Amino acid sequence: MTLYARFAAHLDAALDALVLDGELPAGVDRAGVAVEPPRDASHGDLATNAAMVLAKRAGTNPRALAGLIGPKLEALAEVQAAEIAGPGFINLRLAPHVWREELGAILTAGSDYGRSRAGHGVRVNVEYVSANPTGPMHMGHCRGAVVGDALASLLEYAGHQVTREYYVNDAGGQVDVLARSAHLRYVEALTGTEAVIPEGLYPGEYLKPVGASLAADYGDRFVDAPESEWLVPFRQAAVAAMMAMIRTDLALLGIHHDVFSSEAEVQAAGKPDAAVAALAAKGLIYEGELERPKSLDPHDEWEPVTLTLFKSTQFGDDQDRPVKKSDGSWTYFGADMAYHYQKAQAADQLIDIWGADHAGTVKRIKAAVAALTDGATPFDVKLVQMVQLLRGGEPVKMSKRSGNFVTLADVVEEVGKDVVRFTMLTRKAEAQMDFDFAKVVEASKDNPVFYVQYAHARIRSMQRKAAAEVADMPERADLSLLDAEELELIQLAAQFPRIVEAAASAREPHRIAFYLGDVAAAFHAQYNKGNDDPEKRFLVAHRPDLTRARLELAAAIGQIVRNGLGIMGVAAAEEMA
RNA sequence: GCGCCCGUAGCUCAGCUGGAUAGAGCACGAGACUUCUAAUCUUGAGGCCGCAGGUUCGACUCCUGCCGGGCGCGCCA
């Protein structure tokens, strides 16, 4: 049980006691009552809004109610003082031994400190990356990949059962384009003359090995053959090669999905038919025409066509959406909706991580999931904004036409996995972000990646040196030697479990990064006090007992940093380069 | 025209799902330090939280309407 849960229980007991005493009516709804650290540390260690929330329901006023609750809490051994403040807050100042015990709890729990069962084992499917299998991962995919992966870890840490899933879009027109592009490289491999890649096909060099491999497999039999003979095998081979490359790229970031689902297989298994039948049974499918798109110029031509439509407007969409094209094949949406239906059968909740450029299609897929599951499966789409790549403040030039984009592999090679992952989590997902190659590797306190890593490395450094610098340290630490300033670090560290829970329920992994920045800053500040006053150093040669206690404190801070970085998928630095 | 996201210190951004006097870094002002505990430290100033209403004990946070910026809006994927 976390410290916060414990005090919530204390508060409940105090309220129960007031009911028994006849001071408080029985059966008052306690929803909304919280025990939290106050924003302003001068207000104490913990504060509760109980009196303000319950006063009206109990037919009294906040300060009067606080006057009843306060003394009950003050009577606890763990509480040094309970003060009523402001409109009716009850501020608690905890006994120092509470923080000393929490320090021990951090070290005892180790890598599990902060792990919780708040998620109750709920099965959550997180779908992320799902980049089209037409080329290597580039930086456009990177942020969604990191955010999705960190979110999955965060949810796991908070007690959910998580499936990490990748949807392979191997059924649309762009994989045919891929197959044709591979065919050109195939001919190139056989003839040895540089292929000319026409506009609209994929020009990237990464298809050369695919062409060579196809040449080795098939010889020259498809050089002049009609497309209908080679399109399917070339497509399969090319997609497989692209997926292998994408998996390799993802592995560079430490990302490994549990499930790869193929759009082609979803279609081949008849899933879209089943989904449409299910919707039709609810009266949500009809034959109709789409309105003329608003984005068209007035003089552009528009021919209305009768299509199979899903009544997504009944679930908040702006217009009904086609599930089939006029040629009878499935639209992307038709298959995607069936795919989400499939995911919903093996999970209690669904989360998709999408790039912001797909924002316009959120409503239709949410409508489809709501319709197919009768609203029983919570479904979130998290939109991740684009990343602008900079180098020393100057935008990095990229040209999609020439296939000259910055690949994820290039970036990881240049700055490292940990820097990429941490940096991608230093903004909330829906805020735009700059990624400056120069700044993310800067060794200064302006760079949160560095500052957090440095804190951990410093702790490791002092642990390595401790025995050599301070002789005769006692076996057991006497934590009562720690002063109030030092215990404040533990107060901050003790917030980790609730940060994890809040971040998980808000589905915002960036909160972990910001919290670690706070922890690092607080640690560095404490450490820096040793510059002015040698007695405040962590390692004090003539005070083995004090050193021992401070090492315990440092170890706890290091543990928090490691646990937080672990959720983010970032390795903690043992030393700075 | 419609939809989504954003609007917080000069700049870049947090703000713990509605709490108390809205925070941090950079930049700016003033001090300190000259270092093998290094990749600085302390401190100060800086705000109509885009605007206007509403909800309530209480709003940066929730609702409505405006203003400003970005993105998106055929049967593409």
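Proteins come first, then strands; the chains are lettered A, B, ... in the order of their sequence lines, and each starts at number 1. Note that the coordinates shown come from a computational prediction; the quantities given were computed from them, not determined experimentally.
- Residue Tyr451(A) is in sugar-phosphate contact alone, with no base atom involved, counting any heavy-atom pair closer than 4.0 Å across all strands shown.
- Using C1' as the reference atom, rG65(B) and rC26(B) are 37 Å apart when rounded to the nearest Å.
- To the nearest whole angstrom, the two C1' atoms, one in rG44(B) and one in rG53(B), are 38 Å apart.
- The side chain of Lys445(A) contributes no N or O atom lying less than 4.0 Å from OP1 or OP2 of rU40(B).
- Within the 4.0 angstrom heavy-atom criterion, no nucleotide atom of any strand lies near Ile499(A).
- Side-chain N or O atoms of His340(A) include one that pairs as donor or acceptor with a backbone N or O of Asp336(A) at under 3.5 Å.
- Each of Asp518(A) and Ala171(A) was assigned the nucleotide of RNA chain B with the nearest heavy atom; the assignment lying further toward the 5' end belongs to Asp518(A).
- Between Tyr339(A) and Tyr167(A), the distance separating the two ring centers is shorter than 6.0 angstrom.
- The cationic atom of Arg321(A) (NZ for Lys, CZ for Arg) does not lie both less than 6.0 Å from the six-membered ring centre of Phe333(A) and within 45° of the ring axis.
- A donor-acceptor contact closer than 3.5 angstrom is absent between the side chains of Asn169(A) and Gln174(A).
- Put simply, the side chain of Arg511(A) and the base of rC16(B) share no donor and acceptor less than 3.5 Å apart.
- Atom C1' of nucleotide rA20(B) and atom CZ of Arg63(A) are separated by 12 Å, given to the nearest angstrom.
- Atom P of nucleotide rG72(B) and atom CH2 of Trp354(A) are separated by 16 Å, given to the nearest angstrom.
- Using a 4.0 Å cut-off, no side-chain N or O of Arg507(A) falls inside it from OP1 or OP2 of rU17(B).
- Within 4.0 Å (heavy atoms only), Asp318(A) reaches sugar-phosphate atoms of the nucleic acid but no base atom.
- Distances from the side chain of His358(A) to the nucleotides rA77(B), rC16(B), rU40(B) place rA77(B) closest.
- Listed by chain and residue number, Val122(A), Val124(A), Pro378(A), Arg507(A) satisfy the side-chain contact (heavy atoms from CB on, under 4.5 Å) test with Gln349(A) (two or more places apart in sequence, or in another chain).
- Taking the side chain of Glu36(A) as heavy atoms from C-beta on, and the options rU17(B), rG7(B), rG19(B), the nearest nucleotide is rU17(B).
- Taking side-chain N and O atoms only, His510(A) has a distance below 4.0 Å to OP1 or OP2 of rG15(B).
- Using cut-offs of 30° and 60° on the angle between ring planes, the pair Tyr454(A) and His524(A) is tilted.
- As judged by a 4.0 angstrom heavy-atom cut-off over every strand, Tyr527(A) is placed among the base-contacting residues.
- The shortest distance between the side-chain N/O atoms of Lys529(A) and the OP1/OP2 oxygens of rU42(B) is not below 4.0 Å.
- Ion pairing between Arg543(A) and Glu535(A) fails under the 4.0 Å rule for side-chain N and carboxylate O.
- The side chain of Arg458(A) places an N or O atom within less than 4.0 Å of a non-bridging phosphate oxygen (OP1 or OP2) of rA38(B).
- Classification of Lys536(A) and Glu485(A) as a salt-bridged pair holds, one side-chain N sitting under 4.0 Å from a carboxylate O.
- Nearest to the side chain of Met576(A), among rC76(B), rA39(B), rC16(B), sits rA39(B).
- Closest to the side chain of Lys363(A), from the set rC4(B), rC16(B), rC75(B), is rC4(B).
- Annotation: rG23(B) and rU43(B) have their P atoms spaced 15 Å apart (nearest Å).
- Distances were taken from every side-chain heavy atom of Thr361(A) (C-beta onward) to each of rU37(B), rC13(B), rC76(B); the shortest belongs to rC76(B).
- For Tyr515(A) and Arg511(A), the side-chain atoms include no donor-acceptor pair closer than 3.5 Å.
- In this structure, the CD atom of Glu575(A) is 16 Å from the P atom of rA38(B), given to the nearest Å.
- The aromatic rings of Phe310(A) and Phe315(A) lie parallel to each other, their planes meeting at an angle below 30°, with 60° marking the opposite boundary.
- Residue Val362(A) is classed as having no contact, given no heavy-atom separation below 4.0 Å to the nucleic acid.
- For the pair Arg427(A) and rC13(B), the criterion of a side-chain N or O lying under 4.0 Å from OP1 or OP2 is met.
- Classification of the Tyr527(A)-Phe523(A) ring pair by plane angle, with boundaries at 30° and 60°, yields tilted.
- Using a 4.0 Å heavy-atom distance criterion, Gly173(A) is classed as a sugar-phosphate-only contact.
- rG3(B) and rC11(B) are spaced 30 Å apart, taking the P atom of each and rounding to whole Å.
- Regarding Met433(A), its CE atom lies at a distance of 16 Å from the P atom of rC6(B), rounded to whole Å.
- Nucleotides rU61(B) and rC49(B) are separated by 10 Å at their C1' atoms, to the nearest Å.
- No hydrogens or angles were tested; on distance alone, a donor-acceptor pair under 3.5 Å links the side chain of Ser326(A) to the base of rC75(B).
- Counting any heavy atom pair closer than 4.0 Å across all strands shown, Val53(A) reaches a base atom.
- Nucleotides rC71(B) and rC13(B), compared at atom P, are 16 Å apart to the nearest Å.
- Taking only side-chain atoms of Glu430(A), from C-beta outward, the nucleotide of rC5(B), rU40(B), rG74(B) with the closest atom is rC5(B).
- Listed nucleotides rU56(B), rA14(B), rC2(B) differ in distance to Lys56(A); the shortest reach to its side chain belongs to rU56(B).
- If you check every strand for non-hydrogen atoms under 4.0 Å, Ala443(A) touches sugar and phosphate atoms only.
- The side chain of Gln432(A) approaches rG70(B) more closely than any other nucleotide in the set rU37(B), rG70(B), rA39(B).
- In summary, Glu127(A) and Lys343(A) engage in a salt bridge, as defined by a charged side-chain N under 4.0 Å from a carboxylate O.
- Each of rA20(B), rU37(B), rA14(B) was ranked by its minimum atom distance to the side chain of His43(A); first place goes to rA20(B).
- Comparing Ser505(A) and Pro304(A) by the nucleotide of RNA chain B that holds the closest heavy atom to each, the one mapping nearer the 5' end is Ser505(A).
- Look at the C1' atom in both rA38(B) and rA30(B): the space between them is 26 Å, to the nearest Å.
- Look at CG on Leu3(A): it is 16 Å from C1' on rC16(B), rounded to the nearest Å.
- In this model, the phosphate group of rA38(B) is approached by a side-chain N or O of Asn531(A) to a distance below 4.0 Å at OP1 or OP2.
- The side chain of Pro322(A) sits closest to rC75(B) out of rC75(B), rA39(B), rC5(B).
- Taking atom C1' in both rA45(B) and rG31(B), the straight-line distance is 15 Å, to the nearest Å.
- When rounded to the nearest whole Å, the span between NE2 of His524(A) and C1' of rU42(B) equals 17 Å.
- A donor-acceptor contact under 3.5 angstrom links the side-chain atoms of Asn91(A) to the base of rA20(B).
- Contacts of Phe538(A) with the nucleic acid, taken as non-hydrogen atoms under 4.0 Å apart, include base atoms.
- The phosphate of rU17(B) (OP1 or OP2) has no side-chain N or O of Lys428(A) nearer than 4.0 angstrom.
- In RNA chain B, the stems built from three or more successive Watson-Crick or G-U pairs (distances below 3.5 Å) are B:1-7 with B:67-73, B:10-13 with B:23-26, B:28-32 with B:40-44, B:50-54 with B:62-66.
- Look at Phe89(A) and the base of rA20(B); the rings stack, centres closer than 5.5 Å and planes less than 30° apart.
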